[in-house]
Amino acid sequence: QAKEAADLAAQESTEKLRAAEELRQAKELADRTARESDERLRAAEEAQRQAKEAADLAAQESTEKLRAAEELRQAKELADRTARESDERLRAAEEAQRQAKEAAD
């Protein structure tokens with residue numbers, strides 16, 4: 001009977017050790033899974049941050065290109081207007097010169 005009790009106690013002790021080992025392994029797996037999940041989350045957040053940065057930069061470049069295009073359009077408009085005014089002044093000067101020549105003749 002004492003041997004039976006000792007065997008039973010040894011069996012229970014072995015089962016407790018096995019259960020404790022399984023619990024330790026399960027905890028280790030849960031910890032590793034949590035770490036990997038955190039790493040994936042950080043990687044996803046970093047990728048999202050970089051994508052936003054790239055989008056912001058593209059938007060800024062687009063805005064700068066639009067501004068440059070508008071400045072170019074305005075400069076061309078000014079050049080065209082200046083050329084027209086110059087042509088008009090030249091024609092007026094030529095006309096005045098023609099009239100002066102007529103008056104002199």
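Everything numeric here is computed off the predicted structure, so don't read it as measured data.
- Considering only residues two or more places apart in sequence or on other chains, Gln50 meets the side-chain hydrogen bond (donor to acceptor under 3.5 Å, both in side chains) condition with Glu46.
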Donor-acceptor pairs are to be reported for all side-chain atoms of residues 4-11 against protein atoms at under 3.5 Å, with residues two or more places apart or in another chain.
| unit_1 | atom_1 | unit_2 | atom_2 | d |
| --- | --- | --- | --- | --- |
| Asp7 | OD2 | Lys3 | NZ | 3.0 |
| Gln11 | NE2 | Glu15 | OE2 | 3.3 |

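- Residues in residues 78-92 take part in these side chain to side chain donor-acceptor pair (under 3.5 Å) pairs, two or more places apart or across chains: Lys76-Asp80.
- Residues satisfying the side-chain hydrogen bond (donor to acceptor under 3.5 Å, both in side chains) test with Glu71, not counting sequence neighbours, are none.
- Every residue was checked against the side chain to side chain contact (heavy atoms under 4.5 Å, CB included) condition with Gln97, not counting sequence neighbours, and none meets it.
- For Glu21, the side chain to side chain contact (heavy atoms under 4.5 Å, CB included) test picks out Arg24, Gln25, with sequence neighbours left out.
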